[in-house]
Amino acid sequence: MSEQEIKVPDLGGADEVEIIEITVSEGDTVEEEDSILTVESDKASVDLPSPASGKITKISVKVGDTLKEGDVVGMIETDDADDEDNADDEDEKPARDEDEDQEEDKDEDQDKEEKPKKSAEKSGGGSRKETVKVPSMDGAEDVPVIEINVQAGDEVAEEDPLVTVESDKATFEIPSPYAGKVEKVLVKEGDKLSEGDDLLEMTIVGGGDDEAGEETKEEPKKETESKSEPKKEAPKKKSGGGTRKETVKVPNMDGAEDVPVLEINVKDGDEVAEEDPLVTVESDKATFEIPSPFAGKVTKVLVKEGDKLSEGDDLLELTITEDGGEEEAETDTETETEETTEESSKDKDGERESKPKSEEKGKSEESEPVPRTGGGKVHAGPAVRKLAREYGVDMGRIKGSGPKDRILKDDIQAYVKGELQKTQEGGVSAASGAGIPGVKLPDFSQFGEVERESMSRIQVATANNMQRNWLNVPHVTQHDDADITDMDAFRKDLKAEGEKRGVKMTPLAFVLKACAHALAELPQFNVSLDMERKELVRKKYIHIGIAVDTPNGLMVPVIRDVDKKGLWELAAEAAELAGKARDKKLKPNEMQGGCFSITSLGGIGGTAFTPIVSTPEVAILGLSKASMKPVWDGKAFQPRLMMPLSLSYDHRAVNGADAARFTTLLSDLLGDVRRLLL
Ligand code: CAO
């Protein structure tokens, strides 16, 4: 037996990473290479593997800590006699791997990075095609592509992410080894990649100048236009002036055919810049835009939403204005080209206008992280985070559809689209959030003096919860009266004892006890519905919430295990929790876990009301003020103290007959409290 430190291995170039998940606990037994924790840099999420098989004896880090290579995250006890050696080996492994990697990287650098740079330096402005290959992935093979970050026609800077892949150890992006234009993406989502596989084809533009930044921004465009894109040459190169018509055709869509048009982004008469999106199509794998290959004026859109497109289909007709000669073109074309370049630069990079790409990249990576509301860690690559920043999207609100809930570009688009739809459909306010028409407020001051005050946090939460519950739950309310004459007499008998105990016995304690009995006898009321999984969640415990009216709004503390507590205990606990609620001293866990709720307006008045079920509970009991009523006993009317019961229930979980059984049972129990002992 020996103990060894668990250290952070080579982080693939990342200086510091943040722990987003700790996957083991002290005492756990793990196999060598099992994940110990997951860290995330701005480039990738990586699982840190156990260096050996054994028992975790110590975890010395927590979620949120930042780590660098060599940091100790815990200890592992191994029972292998060769552990020491192994440990040394393990410790050395990353270093050796790193060296090897560096060697490989050097080779690769020479093959992949220096070559283009050199040729760019030498070429003085020429362009050449390169097939970008999958680099070394630390030995990982057959790694599935989970996201393609670029499409044909995209201009990318060196190091821009091209695709995101996920091995069983890590999710990471394959960066572009060059700055240039993506000509053809050779892989699709789901493809399995290994080192050396062809990824995409790029046109790399040479510079010749020392101003690398300028090169990236302007040269590529001009060179690309004049040399490597014959399609675009015609309209740009002709110098006679005038206009000509072009029919824009559907480009290659990575082999996809019969792809439906989701949205037409332009209409007849629109001026479009090169690369502006013309239509959005959606295959079963991805939603993407078909960009305009030319700048010009849309003369006729030839497709409509729902049409199915394949490569080569006619999309629309464009009128392209050709420049009138080289000299004059200087002013016009220059401006236009710049505008176009800046436009597309804006499209892709959001706020920045004319800075070189390399500079923009640095800036974007340093930008403030997107604020989150959910508290949980967001898993997403830098490209997706950048997109979210551009849209101003709070990623904490989005549920990722990728592996380990990773947020993908599609998720951002779907979220933004959903939010837009909500606001567009009948002017729904974001706050209503339910797809129902919002309420337009009149100018109240026209009717008299008004003043506005902010709603408290509790009021806002209550409003949202009530609306959510009301809209989600098909409500029915069952009414009944309970004869509490004898119960009230007993309650009054307890008054002196209550004073001694310092506890006030109100009808609520009896109702709590009676409800616990009824929930045990009719367990269909002690469930929650899981509609996603089409399951009933049956609870084996009986925790009951009581609605408390406070100056700050409605609060619902929960009394746990009501079935196991006596009347004095329940009366005392209800009073204590109600006091805490009014003094704003309730802890979050004192308001959680309820199976059923009681809302008592008995101390105030009223004869009946319709409480709103607090979903995921399926029922709530409302109590109104008890009053003396003449009750026929078969021979004569007797004065009896009757307490109105209003049981609202979720008709998806509970049927009407059961609701009537529940209130009848409650009436019986409250009518003869001795039965609570049975
Ligand atoms: N019929 C007649 N009298 C009743 C009664 C009933 N159903 N329920 C309570 N009373 C009496 C009590 O016995 C007490 O009288 P005494 O002082 O003479 O003994 C008086 O009314 C006041 O009771 P209480 O309100 O202090 O105590 P409680 O246990 O009945 O209720 C609590 C506690 C926290 C539920 C209550 O204070 C409260 O906040 N109720 C409002 C809940 C609410 O807002 N619900 C609406 C939610 S949906 O909008």
Side-chain angles (χ1 to χ4, degrees), residues 458-459 461-470 473 475 477 479-499 501-515 544-559 562 565 567-586 590-591 594 596-615 617 619-629 640-648 663 666-667 669-671 673:
I458 296 172
Q459 283 170 327
T462 303
N464 288 333
N465 285 343
M466 289 297 175
Q467 185 172 31
R468 183 200 61 187
N469 296 343
W470 181 252
V473 176
H475 279 78
T477 306
H479 298 280
D480 206 343
D481 280 339
D483 182 341
I484 61 164
T485 317
D486 298 338
M487 181 201 93
D488 207 49
F490 177 45
R491 187 179 71 85
K492 283 184 179 140
D493 289 347
L494 294 172
K495 203 170 173 192
E497 189 184 341
E499 275 165 14
R501 288 174 178 261
V503 178
K504 186 168 152 189
M505 183 64 78
T506 66
L508 184 64
F510 291 89
V511 177
L512 275 163
K513 198 75 199 155
C515 285
I544 298 180
I546 46 169
V548 179
D549 180 32
T550 81
N552 301 301
L554 183 69
M555 311 219 45
V556 188
V558 173
I559 302 182
V562 176
K565 291 178 179 166
L567 286 171
W568 288 118
E569 206 178 348
L570 291 173
E573 200 171 334
E576 187 198 335
L577 288 173
K580 275 187 170 179
R582 290 185 181 118
D583 297 342
K584 296 199 220 167
K585 297 228 167 87
L586 278 179
E590 289 174 313
M591 292 183 280
F596 180 86
S597 294
I598 299 175
T599 171
S600 173
L601 299 178
I604 306 168
T607 53
F609 63 108
T610 309
I612 295 179
V613 174
S614 175
T615 187
E617 296 169 18
I620 179 169
L621 179 72
L623 303 177
S624 295
K625 193 174 177 66
S627 60
M628 277 297 180
K629 285 190 179 170
R640 304 296 292 176
L641 186 62
M642 305 301 286
M643 182 165 71
L645 308 175
S646 304
L647 178 78
S648 287
T663 50
L666 276 185
S667 299
L669 291 166
L670 294 170
V673 290

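Just follow the structure's listing: the first ligand is 1, and inside any ligand the first atom is 1.
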Open item on the list: Checking contacts here: is it the side chain or the backbone of A626 that comes within 4.0 Å of ligand 1, counting heavy atoms only? Could be both or neither.
Closed with: both
TODO: Answer yes if a protein heavy atom lies under 4.0 Å from atom 3 (N) of ligand 1, otherwise answer no.
DONE: yes
Task: Contacts of type ring pair (Phe, Tyr, Trp, His ring centres under 6.0 Å), residue H475, not counting sequence neighbours - done: W470
Task: Any pair counted as side chain to side chain donor-acceptor pair (under 3.5 Å), so long as it reaches residues 549-558, sequence neighbours left out - done: none
Task: Atoms of ligand 1, numbered as shown, that sit under 4.0 Å from any heavy atom of K625 - done: 1 (N), 2 (C)
Open item on the list: Quick check on contacts: which atoms of ligand 1 are under 4.0 angstrom from a heavy atom of A578?
Closed with: 34 (C)
Task: Structural part of I546 in contact with ligand 1, heavy atom criterion under 4.0 angstrom - done: neither
Open item on the list: Check contact between S600 and ligand 1, using heavy atoms of the residue and a distance below 4.0 angstrom.
Closed with: yes
- [ ] Using a strict 4.0 Å cut-off to heavy atoms of L601, name the atoms of ligand 1 that fall inside it.
- [x] 43 (C), 44 (O), 45 (N), 46 (C)
Task: Any non-hydrogen protein atom less than 4.0 Å away from atom 18 (O) of ligand 1 - done: no
Task: Contact bool for atom 15 (O) of ligand 1 (protein heavy atom, d < 4.0 Å) - done: no
Task: Mode of S624 contact toward ligand 1 - side chain, backbone, both, neither (heavy atoms, under 4.0 Å) - done: backbone
- [ ] Give the numbers and elements of all ligand 1 atoms closer than 4.0 Å to a heavy atom of V548.
- [x] 34 (C), 39 (O)
Task: Atom indices of ligand 1 within 4.0 angstrom of R582 heavy atoms, with elements - done: 34 (C), 36 (C), 37 (O), 38 (C), 39 (O)
Open item on the list: Within the structure provided, determine whether S597 and E617 are in side-chain contact (heavy-atom separation under 4.5 Å).
Closed with: yes
Open item on the list: Tell me whether atom 29 (O) of ligand 1 lies less than 4.0 Å from at least one protein heavy-atom position.
Closed with: yes
Task: Proximity flag P507 to ligand 1, non-hydrogen atoms under 4.0 Å - done: yes
